[in-house]
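Notes for the one structure printed next.
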Amino acid sequence: MRRTVFNEDHEAFRETIRAFIEAEVVPVYDEWFAAGQAPRDFYYKLGELGIFGISVPEEFGGAGMDTHKFEAVLYEETARAGVQFGGSGVHVLLALPYLKMLATDEQKKRYLPKFVTGEEMWAIAMTEPGTGSDLAGMKTTAKLSEDGTHYVLNGAKTFITGGVHADKVIVCARTAAPTAEDRRHGISLFAVDTKSEGHSVGRKLDKLGLKTSDTAELAFVDVKVPVEDLLGEENKGFYYLGHNLASERWGIAFGAYAQAKAAVRFAKQYVQERTVFGKPVAHFQNTKFELAACQAEVDAAEAVADRATEALDAGELTPAEAASAKLFCTEVAHRVIDRCLQLHGGYGYMNEYPIARLYADNRVNRIYGGTSEIMKTIIAKDMGL
């Protein structure tokens, strides 16, 4: 079936991104993989290309486009090439919605121009050691100083993607104790400068996959955060976090679909070139049946991902619909990538083949942004169960 989600502008953008990846990423990607992160200057290149400013208002240096479809093209093209753009996904997909939704005009003038150019890279710090998905249980605190000019931030965060290279971090912290009626009360969001005294980057975490995105532990010891860097209102942070979950889960869903599509491409190419018992692997009926089944699943995931994209752009993607898209696309990607790796035989286990890296990268999709079990809970609740 012909896709209708993209127009000529999106396809022109696709050509630009594909050429950029071939010239700037593919030749050095093995070096990034070995180093465990993309180099900091790569983000300046993304800024020059306009990647960071697509949905930033023109008055702050962006293109002012109110759509997620260009991000969708990025997911497809990076997956197609078997690469990633380091930790930059957090910069745009996670941090930017909070800045657009919560920042005052004064804050936007300070934050967004450097956001667009890549001069200041952003991360977001929610998860803490020992709390996992229980954000209401966070222990990090931000106490207002006696003179009312700044907050004093203390605590620790973990699993912070982009945390090594980040220049600014949106930190979730408690500004008030939870109430008996609502343990989620009292969380606030702050834009913290990583050059602040008392901020430190701990271990760069050694992950199973996503090797080129820097993920770190962060610590805050008596960090002074000016009151001008509070995002939104005090104590409403949990509400803000929930508001942006739909777009975050859409991104994971679309990215997972794109990975599944890429896996079929990698497997098809491999079985056509690889010879066993004097015949191409593609000649055997099992190979044809396996790839046909994978293609059918990818077609279904594409339809779900495209529908979610249209709904998100229209402002109509509900939490349950986002959960359904994430659950379906990530589970499809899990099955498809595993079967495509199997068709590679022993070579599928070698990191020099993109299918091996894709297998490891994909695993986290069913964990972050809410586990598959949490997605089922959300969907069941929406069903009235």
Side-chain angles (χ1 to χ4, degrees), residues 20-47 49 51-52 74-75 77-95 118-129 132 156-171 194-195 199-220 251-252 255-256 258-259 262-263 266 333 337 341 347-369:
F20 174 81
I21 290 173
E22 288 299 320
E24 300 288 345
V25 182
V26 172
V28 295
Y29 196 71
D30 286 345
E31 298 174 17
W32 298 4
F33 189 85
Q37 61 186 35
R40 178 62 178 84
D41 61 4
F42 173 67
Y43 299 134
Y44 291 111
K45 294 181 180 179
L46 293 180
L49 196 60
I51 298 298
F52 298 148
L74 279 172
Y75 283 125
E77 290 305 307
T78 50
R80 179 184 182 276
V83 302
Q84 295 174 339
F85 283 175
S88 64
V90 168
H91 184 68
V92 175
L93 182 65
L94 298 190
E119 184 178 347
E120 287 185 349
M121 294 299 296
W122 288 69
I124 184 165
M126 302 185 207
T127 307
E128 296 183 359
K157 300 289 183 177
T158 191
F159 304 148
I160 310 306
T161 300
V164 174
H165 283 319
D167 302 288
K168 299 277 191 180
V169 181
I170 298 174
V171 179
T194 61
K195 295 187 293 293
H199 168 272
S200 62
V201 177
R203 292 187 302 149
K204 182 163 74 71
L205 301 175
D206 184 16
K207 307 186 297 295
L208 170 67
L210 303 177
K211 289 292 189 179
T212 64
S213 67
D214 52 300
T215 302
E217 296 173 330
L218 303 181
F220 309 94
I252 298 170
Q259 289 177 323
F266 296 144
I337 294 171
L341 187 150
Y347 289 104
Y349 206 65
M350 301 296 113
N351 274 327
E352 64 185 278
Y353 282 81
I355 192 69
R357 299 180 184 184
L358 195 58
Y359 183 86
D361 291 348
N362 174 261
R363 185 58 185 88
V364 75
N365 288 334
R366 291 180 289 147
I367 299 175
Y368 65 7

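- Residues that satisfy the side chain to side chain contact (heavy atoms under 4.5 Å, CB included) test with D206, not counting sequence neighbours, are K211.
- In this view, F52 and H91 satisfy the ring pair (Phe, Tyr, Trp, His ring centres under 6.0 Å) rule, not counting sequence neighbours.
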Original post:
Could you walk me through whether T78 and V25 pass the side-chain contact (heavy atoms from CB on, under 4.5 Å) check?
Top reply: CA-CA 10 Å; T78 50; V25 182; over 6 Å; no
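- Here the CD atom belonging to Q84 is positioned 4.0 Å from the OH atom belonging to Y29, to the nearest 0.5 angstrom.
- Residues G251 and L93 approach most closely at CA-CD2, 3.9 Å, considering heavy atoms.
- Minimum interatomic distance between T158 and P129 (heavy atoms only, all atoms of both residues): CG2-N, 3.8 Å.
- Residues passing the side chain to side chain donor-acceptor pair (under 3.5 Å) test with Y349, sequence neighbours excluded: none.
- Checked against ring pair (Phe, Tyr, Trp, His ring centres under 6.0 Å), F33 has no partners two or more places apart in sequence or in another chain.
- Proximity of S213 to K207: side-chain heavy atoms (C-beta onward) are separated by under 4.5 Å at one or more points.
- Annotation: the span from L218 atom CG to T194 atom OG1 amounts to 9.0 Å, rounded to 0.5 Å.
- H165 and A38 make their closest contact through NE2-O, 3.0 Å (heavy atoms, listed as atom of the first residue, atom of the second, distance).
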**OP:** Could you check F20 against E77 for side-chain contact (heavy atoms from CB on, under 4.5 Å), going step by step and ending with a plain yes or no?
**Re:** CA-CA 10 Å; F20 174 81; E77 290 305 307; over 6 Å; no
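- D214 has no carboxylate O lying under 4.0 Å from a charged side-chain N of R40, or vice versa, which leaves the two without a salt bridge.
- A donor-acceptor pair under 3.5 Å is formed between the side chain of D167 and the backbone N or O of M121.
- Across every non-hydrogen atom of A258 and A79, the tightest pair is O-CB, 3.5 Å.
- Note: Y353 and Y347 have tilted aromatic rings, judged against thresholds of 30 and 60 degrees for the angle between ring planes.
- Counting only heavy atoms from C-beta outward, the side chains of W122 and L94 never approach each other to under 4.5 Å.
- Here CD1 of I337 is found 3.5 Å from CG of N362. Values are rounded to the nearest 0.5 Å.
- Note that OH of Y368 and CG of L210 are 5.5 Å apart. Values are rounded to the nearest 0.5 Å.
- Here the closest non-hydrogen pair linking F220 and H199 is CE2-CD2, 3.4 Å.
- Judged by distance alone, with hydrogens and angles left aside, the side-chain atoms of R357 form a donor-acceptor pair with the main-chain N or O of N351 at under 3.5 Å.
- Residues that satisfy the side chain to side chain contact (heavy atoms under 4.5 Å, CB included) test with L341, not counting sequence neighbours, are I355, Y359.
- Residues satisfying the side chain to side chain contact (heavy atoms under 4.5 Å, CB included) test with V28, not counting sequence neighbours, are E31, W32.
- Considering OG1 of T127 and NZ of K157, their distance stands at 7.5 Å, rounded to 0.5 Å.
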Original post:
Would I367 and F159 count as a side-chain contact (heavy atoms from CB on, under 4.5 Å) if you check the C-alpha gap in whole Å, the side-chain angles of each, and the deciding distance to 0.1 Å?
Top reply: CA-CA 12 Å; I367 299 175; F159 304 148; over 6 Å; no
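- To the nearest 0.5 Å, atoms CD (E119) and OH (Y44) are separated by 6.0 Å.
- Taking every heavy atom of both residues into account, Q259 and D361 meet most closely at NE2-CB, 4.0 Å.
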